[in-house]
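One structure below.
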Number of protein chains: 2
Amino acid sequence: MHTLSEENYLKCIYRLWQDRGEKITPTAIAEWLGNNPASVVDMIRKLTDKQLIIYDKKKGVELTAQGQKDATLIVRRHRLWEVFLLEKLGYHWDEIHDIAEDLEHIKDATLADRLDKFLGFPEYDPHGDPIPKANGKMAKRHSITLADVKPGTHCRVAAVKDTTSAFLQYLQKLDISIGTKIQLIEKIPFDGSLVISIAGGERTTVSQKFGENILTDI
Amino acid sequence: MHTLSEENYLKCIYRLWQDRGEKITPTAIAEWLGNNPASVVDMIRKLTDKQLIIYDKKKGVELTAQGQKDATLIVRRHRLWEVFLLEKLGYHWDEIHDIAEDLEHIKDATLADRLDKFLGFPEYDPHGDPIPKANGKMAKRHSITLADVKPGTHCRVAAVKDTTSAFLQYLQKLDISIGTKIQLIEKIPFDGSLVISIAGGERTTVSQKFGENILTDI
DNA sequence: AAATAAAATTAGCCTTGCCTAATTTTATTT
DNA sequence: AAATAAAATTAGGCAAGGCTAATTTTATTT
Ligand SMILES: [Mn+2]
Ligand SMILES: [Mn+2]
Ligand SMILES: [Mn+2]
Ligand SMILES: [Mn+2]
């Protein structure tokens, strides 16, 4: 099996691949994990030896079929534990990510499946991310951000991209959670700021960065 | 905070102190953890520096007040997770120990307390061991083994000392679990074997070692 | 095409937590 | 009291997973 560090790298590569799509470079991995590029190069060698990734200086880092499978299961555990922490233990959505970051590494043949069953086979985690099934399949990820939507559109908050507590607490302050209806009223050309109405309420202005971290539905 | 290894050593020392009472030597720790005595000496230095233990060649290793407190909280987490795994996820009692061995190291300020509440503040874990409260207090441990009891006595299985699956599966085969009534019919002087009747059933003979690993009530 | 900047890699070092082998200390036997 | 055995300790090493500093490669500017 994999070490804790190997798992964190795998999950990081999976994540960068999922939400950026671009070529995954050692520097990108280093930034995401807060490690030094030199350390990343070491781990790239190790994961390559284990046949979990393929590294081509032109194409960057890619997961092999096995690497993808393994990464998916880690993500599955992470998201299931997040549901557990929120729904069963009463944590808030800005507190669960870091704890799940550790829980995801607990390995037992049947633990994830039992937890899945106990939670009633949830499709999405508390941040709106789809939970991979045991076979690796999962519901579609949302991809249109609030910043992409045409002014005038009414949409629903389906997921958040950023899961730091800084962002989640700001959302809480604005009374926004998964399912909240938002109308995009206007985009300010100068800096991309967004004028929105939350759940039919007054106009509020948020930054472009804010809008890019909210994924929408409908 | 403590590393995973430091925590495992603390818990080991706590355990040896609780159920042997004797002087705790580096060799005893090494045997319990399956490590080399030389490694234990290294860790003794580290835990001493951290003021979690005091080591005196005469008295052996002892936990300081802080060490005791920390160890108790690890044990608390271990036992709470065991209850969770058995009651909520449907594991059998011989499968939960190893998983809890990892879960006990997940650190978050409120996790144990939330789990405790979620489980309904259980007093004992699935092996009959008392679960320390957040303040360190806990219900009395049972101390009389089946091997200590006088022939003729009817007693109740209150806890098991050994939690290896070899022992627990044997118990399951004999239909013994926490709460089962057992009458000790006879002790064989030759080798200490015990003739017992399980829940009023037929006579069965078990070894002395078996009897020493069952703690009784009433 | 050179010059410069950025990214990737290498070399060498550190800490943790373990090990083996050798040595010293402490207990037990004779 | 010696001899022997057991326990504890020291010395030296190793793998994992980080780091910094130096170097090489690759991209970008000029
Ligand atoms: Mn993690
Ligand atoms: Mn999430
Ligand atoms: Mn443990
Ligand atoms: Mn237990």
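Residue numbering restarts at 1 for every chain, and letters A, B, ... go by the order of the sequence lines.
Both A/Ser39 and A/Lys57 lie near DNA chain D, and the one whose nearest nucleotide falls closer to the 5' end is A/Ser39.
For B/Lys59, the NZ atom is loosely surrounded, since the number of other residues' heavy atoms within 6.0 Å does not exceed 12.
The side chain of A/Glu6 lies closest to D/dG17 when the candidates are D/dC19, D/dG17, D/dT9. Out of D/dG17, D/dC19, C/dC19, the shortest distance to the side chain of A/Thr3 is found at D/dG17. Closest to the side chain of A/Met43, from the set D/dG17, D/dA21, D/dA11, is D/dG17. Closest to the side chain of B/Ala38, from the set C/dT9, D/dG18, C/dC19, is C/dC19.
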Dot-bracket for DNA chain C, 5' to 3', counting Watson-Crick or G-U wobble pairs under 3.5 Å, with [ ] for crossing pairs and | for inter-strand pairs?
||||||||||||||||||||||||||||||
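A salt bridge is absent between A/Lys117 and A/Asp113: the closest approach of a Lys/Arg side-chain nitrogen to an acidic carboxylate oxygen does not fall below 4.0 angstrom.
Between the CD1 atom of B/Ile44 and the C1' atom of C/dG17 there is a distance of 14 Å, rounded to whole Å. Nucleotide D/dT26 holds its P atom 7 Å from the NZ atom of A/Lys58, rounded to whole Å. Counting to the nearest Å, the C1' atom of D/dT9 and the CD1 atom of B/Ile29 are 14 Å from each other. When the P atom of C/dC14 is taken as reference, atom CG of A/Asn35 falls 20 Å away, rounded to whole Å. If you take CG of B/Asp49 and C1' of C/dT16, they are 14 Å apart, rounded to a whole angstrom. Atom CG of B/Leu10 and atom C1' of C/dG17 are 15 Å apart (whole Å). One can place CD of A/Glu7 at 15 Å from C1' of D/dG17, the figure rounded to the nearest angstrom. In this entry the distance linking CD of B/Glu31 with C1' of D/dA6 reads 12 Å, nearest Å.
In this structure, B/His97 and B/His78 have side chains that are in contact, with non-hydrogen atoms separated by less than 4.5 Å. With contacts defined as side-chain heavy-atom distances shorter than 4.5 Å, the pair B/Gln18/B/Val75 does not qualify.
Between A/Glu104 and the options A/Arg76, A/Arg79, A/Lys11, a salt bridge (charged side-chain N to carboxylate O under 4.0 Å, His left out) holds for only A/Lys11.
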Step-by-step side-chain hydrogen bond (donor to acceptor under 3.5 Å, both in side chains) determination, B/Asn8 to B/Ser5:
CA-CA 5 Å; B/Asn8 283 335; B/Ser5 246; 5.6 Å; no
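Between A/Tyr9 and D/dA16, a side-chain N or O to OP1/OP2 separation shorter than 4.0 Å is absent. Within the structure, a side-chain polar atom (N or O) of A/Asn36 is placed less than 4.0 Å from OP1 or OP2 of D/dT20. Within the 4.0 Å cut-off from OP1 or OP2 of C/dT10, at least one side-chain nitrogen or oxygen of A/Arg45 is found.
Scanning atom types as modelled, one donor and one acceptor separated by under 3.5 angstrom connect the side chain of B/Asp42 and the base of C/dC18.
Annotation: cation-pi geometry not satisfied between B/Lys88 and A/Phe84 (NZ/CZ under 6.0 angstrom from ring centroid, within 45° of ring axis).
B/Tyr124 and B/His142 have their aromatic ring centers within a separation under 6.0 angstrom.
Counting any heavy atom pair closer than 4.0 Å across all strands shown, B/Ser5 reaches sugar-phosphate atoms only and no base atom.
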